[in-house]
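Everything on this sheet refers to the single structure shown next.
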Amino acid sequence: MLDITHRRNRLAGLWAAELLGLIGIAAQDYVRTVVHPGHPQDQVHGDDHETVVDKLAEDLAGRASEEEIRRRMSQCLQEARRRTELGKKE
């Protein structure tokens, strides 16, 4: 499950970085903060869904509503599951 959570957070972070106009290293650094929300040691503990939603809502204020963020997080979760299953088949 942590692989799926990590992938979901990464995909959501990439989406948010794009909305924020971040590219290159700045985008990568931002994604890291989304993948590991609230954990300075860069460790994911369980499913940090609400922590990620809160972070994105704050960062994307005026660019995306909380409803849009939640919808995107759901899409990212579906994509993360798909990619995880593909990885298991290879």
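No experiment lies behind these values; they were computed from the predicted model shown.
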Closest approach of [X] and [Y], non-hydrogen atoms and distance?
X: Leu56; Y: Ala12; answer: CD1-CB, 4.1 Å
X: Thr33; Y: Lys55; answer: OG1-CE, 3.0 Å
X: Arg7; Y: Ala80; answer: CB-CB, 3.5 Å
X: Ile4; Y: Leu77; answer: CG2-CD1, 3.5 Å
X: Asn9; Y: Val35; answer: ND2-O, 3.4 Å

Check your understanding: Just how far is it from atom CG of Leu11 to atom CE of Met73, taken to the nearest 0.5 Å?
Key ->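 Here the rounded value is 10.0 Å.
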Review point. Roughly how far, to the nearest 0.5 Å, is CD of Glu79 from OG of Ser74?
Key: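 Taking OG in Ser74 and CD in Glu79, the distance rounds to 12.0 Å.
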Please output the side-chain donor-acceptor pairs of residues 14-29 that fall under 3.5 Å, not counting sequence neighbours, one pair per line with the distance.
unit_1 : atom_1 : unit_2 : atom_2 : d
Asp29  : OD1    : Arg32  : NH1    : 2.8

Check your understanding: Salt bridge check: are Arg72 and Glu68 linked by an N-O gap of less than 4.0 Å?
Key ->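 Judged by the 4.0 Å cut-off on N to carboxylate O distance, Arg72 and Glu68 do not form a salt bridge.
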Point to revise | His49 side chain near Arg70 side chain, heavy-atom distance below 4.5 Å | key: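 They are in side-chain contact.
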